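Computed over heavy atoms, backbone and side chain alike; hydrogens, waters and symmetry mates excluded. Note that the structure is a prediction, hence the values are computed from the model and not measured. Starting from 1, each residue takes its place in the sequence as its number. Counting starts at 1 for both ligands and their atoms, in listed order.
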Amino acid sequence: MPRLDELDVEDPPNTQEATRPNGPCQELPERAGTGQERTGKDFGSRVELALGASNHLLNARNSPRYVAQVLQAVTAVATKLERTTRPFTGVGPSEMEARIGAVDLETPLPDTAAALQELEDVYLRDAVYFHDAKYAAHLNCPVVIPALVGEAVLSAVNSSMDTWDQSAGATMIERRLIDWTAERLGLGIDSDGIFTSGGSQSNLQALLIARNHAVAGLRQDPARTGLRLPALLDTLRIFTSEDSHFSIQKSSSMLGLGFDAVISVPCTPDHRMDPAALAEAMAEARRAGLTPMAVVATAGTTDFGAVDPLAEIAALARAYGAWFHVDAAYGGGLLVSCRYRHLLDGTRLADSVTVDFHKTFFQPVSSSALLVRERAVLRHITYYADYLNPQSAALAAIPNQVDKSIQTTRRFDALKLWLTLRIMGADAIGALFDEAIDLAARVGARLEAEHDFELAAPPQLSTLVFRYRPRLDGGGRLSEDDADVLNPAIRAAVFTSGEAVVAGTVVGGRHYLKFTLLNAEATLEDISGIINLLRRTGAGLLRREVAA
Ligand SMILES: *Cc1c(COP(=O)(O)O)cnc(C)c1O
């Protein structure tokens with residue numbers, strides 16, 4: 001291994017620029033055989049272009065360049081982190097569009113350093129930084145360094161997870177992590193699963209399996225012999241709480257059931273699905289001759305972090321022969337929490353579970369998985385393609401992961417989690433989530449004590465839903481209608497200031513602000529600082545309103 005200062009850090013000469021400073025490809029000499037006479041000079045420039053381009057290929061010859069260039073990029077990011085003092089600059093879309101539109105994509109820059117310099121202007125300076133303690137908006141985590149080491153390896157080796165002959169050991173690492181996750185979920189020895197691009201895709205795949213499982217059941221009915229799929233889909237219904245993720249509705253639509261096949265089940269005041277309401281809704285559907293296809297419980301709702309009563313919901317799903325899916329996209333990190341793991345006890349009763357590693361396992365986007373209790377159900381998405389994964393390969397027990405996935409070419413995202421477990425260990429990841437949960441409890445107490453803020457509900461995981469609603473001179477609070485105008489305006493103004501980033505949501509038709517806390521390094525002082533900023537901003541907007 002050469003020392004870094006001995007590396008050839010020179011970028012390959014940029015022959016493209018020399019060959020065609022401002023012209024499209026058509027101006028280049030045509031290939032032989034087109035009837036055009038090729039001149040020696042044309043041929044020379046073509047060879048020169050190809051040679052220059054091949055200097056950019058990752059291979060043994062270019063490995064010093066690879067190290068040097070990636071190091072430049074990593075250094076640029078590190079420098080950025082060291083100098084950034086707020087989560088955002090507040091830049092607007094039209095300014096970014098203009099800056100990016102001004103880049104001439106036909107004319108490459110001389111080297112990587114110049115491209116990174118330009119990137120500062122078109123991306124890095126004005127990105128939204130999730131590691132900053134005053135980023136408290138969505139379910140984006142600060143990422144752990146071992147996962148970035150994994151990211152560097154997986155994109156360079158570039159294994160593709162569809163078949164054994166494109167991945168080899170990567171397939172076994174992914175399978176081992178699926179088994180590890182399924183074991184923590186308590187899914188039993190017949191369990192299996194697959195890494196996906198995110199919770200939305202995991203939910204879609206779960207509901208695709210549930211749909212095909214239900215359709216296979218309907219096809220047993222002699223009265224339905226010969227019916228085509230659309231006719232069978234018409235009676236299927238999905239039950240999920242009013243607080244569940246919108247990807248359930250979208251999946252239903254994509255699966256040909258329509259948005260309206262999803263029956264929204266009311267929650268108890270703690271924002272968990274009400275099992276009595278679920279029982280009623282399922283009974284009503286049955287009476288109407290409909291088929292309860294699936295019940296989707298949420299373990300960690302996006303707004304309130306609520307974990308639905310999994311055991312009661314599982315019993316109802318079973319009673320109606322419905323698929324029981326648990327969306328633990330947010331709550332999944334509890335699997336490695338020493339203190340709150342018991343909140344996920346009910347996942348052992350699920351037919352399938354979604355876990356997002358890119359949320360509460362502190363992994364970079366993207367990394368998610370779908371786990372199933374019975375590996376055999378994955379056949380519902382198997383398609384044997386002669387060129388890729390012929391049935392003969394399955395019969396010969398060649399492990400082709402595409403048999404279980406709705407993607408074909410697929411990243412080896414599992415490597416990030418693998419290196420995280422091997423370098424940090426599971427307990428350390430859990431400790432990061434525990435910190436965020438404890439911080440949310442302290443922030444909740446603080447907001448409760450603030451006379452001009454209202455908390456919509458006590459925190460359950462690491463989110464807080466609240467609004468600014470000060471007392472007016474008369475002594476009464478700002479009206480709810482006025483608060484509905486003011487709170488989104490506060491959020492927008494704070495975003496534009498770049499000093500903090502918070503989210504917003506609607507509860508019972510009313511506009512609220514939301515913190516999603518996932519940063520173990522953020523302190524109560526940091527978040528109190530955001531609360532003060534929200535108050536100052538809100539009071540300022542109100543004063544301006546009164547003056548106007
Ligand atoms: C974030 C989230 C999803 C969607 O996951 P993506 O990875 O963003 O696709 C699904 N369900 C819940 C409860 C979530 O919080």
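For the pair Asp413 and Arg411, the salt-bridge criterion is met [side-chain N within less than 4.0 Å of a carboxylate O]. We find that Arg510 and Asp484 are joined by a salt bridge, their nearest charged nitrogen and carboxylate oxygen being less than 4.0 Å apart. Ion pairing between a basic and an acidic side chain is recognised when a charged N comes within 4.0 Å of a carboxylate O; Asp192 and Lys404 show such pairing.
Scanning all heavy atoms of the two residues, the minimum distance from Thr163 to Thr171 falls at O-OG1, 4.5 Å.
By the 3.5 Å distance cut-off applied to N or O atoms, Ser247 is not counted among the residues near ligand 1.
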Task: Arg341/Arg184 under side chain to side chain contact (heavy atoms under 4.5 Å, CB included): CA gap, chis, key distance, verdict - done: CA-CA 9 Å; Arg341 187 170 161 184; Arg184 290 212 167 216; 3.6 Å; yes
- [ ] With side chain to side chain contact (heavy atoms under 4.5 Å, CB included) as the test, would you mind laying out the steps for Leu236 and Leu290 before giving the verdict?
- [x] CA-CA 6 Å; Leu236 301 183; Leu290 302 169; over 6 Å; no
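Residue Gln201 does not touch ligand 1, judged by heavy-atom distances below 4.0 Å. At a heavy-atom distance under 4.0 Å, atoms from both the backbone and the side chain of Ser200 approach ligand 1. Within the 4.0 Å heavy-atom criterion, neither part of Thr354 lies near ligand 1.
Summary of contacts: the protein heavy atom closest to atom 4 (C) of ligand 1 is His245 CE1, 3.4 Å. Closest to atom 13 (C) of ligand 1 among all protein heavy atoms lies Asp327 OD2, 3.4 Å. At the shortest separation from atom 6 (P) of ligand 1 among protein heavy atoms lies Gly199 N, 3.3 Å. In this structure, the protein non-hydrogen atom closest to atom 2 (C) of ligand 1 is Lys359 NZ, 2.2 Å.
Interface of Thr302 with ligand 1, defined as ligand atoms under 4.0 Å from a residue heavy atom, comprises 12 (C), 13 (C), 14 (C), 15 (O). Taking every non-hydrogen atom of Gly300 and a distance limit under 4.0 Å, the qualifying atoms of ligand 1 come out as 13 (C). Contact atoms of ligand 1 toward Leu139: 15 (O) (distance under 4.0 Å to a heavy atom of the residue). Each of the atoms 5 (O), 6 (P), 7 (O) of ligand 1 lies under 4.0 Å from some heavy atom of Asp356. Of all atoms in ligand 1, listed by their number and element, those nearer than 4.0 Å to a heavy atom of Ala329 are 2 (C), 3 (C), 10 (C), 11 (N), 12 (C), 14 (C).
Of the possible donor and acceptor atoms, one in the side chain of Gln460 sits under 3.5 Å from a partner among the backbone N and O of Asp270.
The closest approach between Ser197 and ligand 1 stays at or above 4.0 Å for every heavy atom of the residue.
Residues Phe433 and Phe361 place their aromatic rings such that the two centres sit no closer than 6.0 Å. Side-chain rings of Phe88 and Phe495 approach one another, their centers coming within less than 6.0 Å.
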